[in-house]
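Scroll down for the structure; my scribbles are underneath it.
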2 protein chains.
Amino acid sequence: MSLITTRSRYGLRLLVELAERGMAQAIDLGSVARRQDIPELYLSKLATPLKAAGILRSERGAKGGYRLARRPEDITVLDVVEALEGRSSLLECTGEPGACVRSGECKTLPIWSGLDKVIQDYLRGISLADAAGAAIDYTI
Amino acid sequence: MSLITTRSRYGLRLLVELAERGMAQAIDLGSVARRQDIPELYLSKLATPLKAAGILRSERGAKGGYRLARRPEDITVLDVVEALEGRSSLLECTGEPGACVRSGECKTLPIWSGLDKVIQDYLRGISLADAAGAAIDYTI
DNA sequence: TCCTAAAAAGACCTAAATAGTCTACTTATG
DNA sequence: CATAAGTAGACTATTTAGGTCTTTTTAGGA
């Protein structure tokens, strides 16, 4: 239950690179892996859920590779994180109702739910197009 | 590198209960553990870093126990999370400068730094007094 | 048509973090 | 001085994260 693991971090770097290179041609993972210093076999495992989420399209065979399935403006960082971390919520107790028997009386649950919302709102507000653009200071 | 583990969740429940019961009398962990359904031995291990962080005070001997070291209004959820998770940042690559050799060129780093800030600002904005009060909807 | 480059799929492995337990010891109050 | 409490540290189990290996499938080009 880690919020941001290397899955999200590697995956986002892959997608930002694809966004930068445009959607015209398919790009093979090996070249991305080399440029980004990410193990190719590991990166290839991240591609599967990204395809399932409708973020990537793949083309097999020679001259094959990956390209974005949608425009960079239409893919948010939240889409990527959810596809790769495989859950919508960062906490068991806020995820499914009934996960915690105390949820009715628990005074801390709203705090974690609120945190969840803050995180999701932030990640939803950044698109791949934003990320691919010039270095932006999101901390302001 | 998990953002919110049972350490933070259990620890916050302990502190909220102490905040609710006031600072007048020391409260023993055993009774908190029973009411909150938390293994007492595990809870007792969380007390140590909370003491070190100046959040809890302990009193030994018969009629001993724990009480808050500061007023509930002056303890934020961020204080608690940092004391229990033992780190200030949720990501290696944003934590220490130089942790990632690519940080100069990395287009995704500012996104994670911004996330870090958003989370810290949120947690810093909630005090134990807030949490102990009536159920608040922090998601609004 | 065969060769090669690329994705697909799934088993497998290792290390680290998390959650929790056990035991022995120390301290303070009634 | 008995007892209820905290202190300290080793120990264990489970899960997750990170990464690797192998085989198969697909498509383009000489």
Side-chain angles (χ1 to χ4, degrees), chain A residues 1-14 18 25-34 36-53 55-69 81 83-87 90-93 95 100, chain B residues 1-14 18 25-34 36-52 55-69 81 83-87 89-93 95 100:
Chain A
M1 176 76 62
S2 189
L3 177 59
I4 302 294
T5 68
T6 56
R7 292 175 66 84
S8 292
R9 293 195 279 116
Y10 288 175
L12 189 60
R13 277 159 62 191
L14 161 66
L18 293 186
Q25 81 279 30
I27 298 172
D28 71 285
L29 278 192
S31 67
V32 177
R34 279 190 298 280
Q36 296 284 341
D37 264 316
I38 298 172
E40 180 179 351
L41 281 158
Y42 192 53
L43 198 52
S44 75
K45 288 194 17 176
L46 304 183
T48 305
L50 290 172
K51 269 189 61 176
I55 293 171
L56 278 185
R57 278 190 302 134
S58 67
E59 286 158 42
R60 302 173 75 143
K63 299 282 176 186
Y66 286 95
R67 68 182 83 194
L68 297 181
V81 171
L84 290 173
E85 305 294 348
R87 68 199 136 68
L90 79 151
L91 292 169
E92 300 102 313
C93 58
C100 175
Chain B
M1 175 78 64
S2 188
L3 177 60
I4 302 295
T5 68
T6 57
R7 292 174 66 85
S8 292
R9 292 196 277 117
Y10 288 175
L12 189 60
R13 277 159 63 189
L14 161 67
L18 294 186
Q25 82 279 30
I27 298 174
D28 72 285
L29 277 193
S31 68
V32 177
R34 280 189 297 280
Q36 296 284 340
D37 264 317
I38 298 172
E40 180 179 352
L41 281 158
Y42 192 55
L43 197 53
S44 75
K45 290 196 12 177
L46 304 183
T48 305
L50 290 172
K51 270 188 62 174
I55 293 171
L56 278 186
R57 279 190 302 134
S58 67
E59 286 158 41
R60 304 171 77 140
K63 299 281 174 187
Y66 285 97
R67 68 182 84 194
L68 297 181
V81 170
L84 291 173
E85 304 294 348
R87 69 199 135 69
S89 164
L90 79 151
L91 290 169
E92 299 102 313
C93 58
C100 175

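So you know, we letter chains A, B, ... as the sequences are listed, proteins then strands, and number each from 1.
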Phosphate OP1/OP2 of C:dG20 contacted by B:Tyr10 side-chain N/O (<4.0 Å): yes
Atom of B:Leu3, atom of B:Val81 and distance for their closest heavy-atom approach: O-CG1, 4.4 Å
Listed nucleotide nearest any side-chain atom of B:Ser58, set D:dT20, C:dT21, D:dT7: D:dT7
Atom pair distance, as rounded to whole Å: CG in B:Leu46 and C1' in C:dT21: 14 Å
Interatomic distance, A:Ile4 CD1 vs D:dA17 P [rounded to whole Å]: 12 Å
Side-chain N,O (B:Lys51) to OP1/OP2 (D:dT7) below 4.0 Å: yes
Separation between OG of B:Ser44 and CG of B:Leu14, rounded to the nearest 0.5 Å: 11.0 Å
Touch class at under 4.0 angstrom, heavy-atom based, for A:Gly30 against every strand present: nothing
For atom CD of B:Glu40 and atom C1' of C:dA19, their distance in whole Å: 16 Å
First encountered from the 5' end of DNA chain D, between B:Asp28 and B:Thr48: B:Asp28
Nearest-angstrom distance from the residue atom CD1 of A:Ile38 to C1' of D:dT20: 16 Å
Spacing between A:Leu29 atom CG and D:dT26 atom P, to the nearest angstrom: 19 Å
Gap separating the CG atom of A:Leu46 from the CG atom of A:Leu12, nearest 0.5 angstrom: 11.5 Å
Interatomic spacing from CG in A:Asp28 to CD in A:Glu40 - rounded to 0.5 Å: 7.5 Å
A:Ile4 to A:Ser8 - nearest heavy-atom pair and separation: CG2-CB, 4.1 Å
Interatomic distance where CD belongs to A:Gln25 and P belongs to C:dA5 [whole Å]: 19 Å
Length of the OH-P vector between B:Tyr66 and D:dA4, whole Å: 18 Å
Atom of B:Ile38, atom of B:Tyr10 and distance for their closest heavy-atom approach: CG2-CD1, 3.5 Å
What does the list of N/O pairs under 3.5 Å between the protein and nucleotides 27-30 of chain D look like, with a distance for each?
none

Considering all heavy atoms, the nearest A:Leu29-A:Ala47 contact: CD1-CB, 4.4 Å
Test salt bridge (charged side-chain N to carboxylate O under 4.0 Å, His left out) applied to A:Arg7 - qualifying residues, sequence neighbours left out: none
Tabulate protein N/O versus nucleotide N/O from nucleotides 1-3 of chain C, keeping only pairs under 3.5 Å, one per line.
none

For A:Ala53, side chain to side chain contact (heavy atoms under 4.5 Å, CB included) partners two or more places apart: A:Ile55, A:Ala83
Summary of protein contacts for nucleotides 10-16 of chain C, nucleotide by nucleotide, where a base hit scores B, a sugar-phosphate-only hit scores S (4.0 Å, heavy atoms): -B-----
Length of the CZ-C1' vector between A:Arg9 and D:dG18, whole Å: 11 Å
Short side-chain N/O contact to D:dC21 OP1/OP2 from A:Tyr42, under 4.0 Å: no
Return a table of donor-acceptor pairs under 3.5 angstrom between the side chains of residues 60-68 of chain A and protein atoms on other chains or two or more places apart.
residue	atom	partner	partner atom	Å
A:Arg67	NE	A:Glu59	OE2	2.9
A:Arg67	NH1	A:Met23	O	3.1
A:Arg67	NH1	A:Ala24	O	2.5
A:Arg67	NH2	A:Glu59	OE1	3.1
A:Arg67	NH2	A:Glu59	OE2	2.9

Distance test, side-chain N/O of B:Thr5 to OP1/OP2 of C:dA19, below 4.0 Å: yes
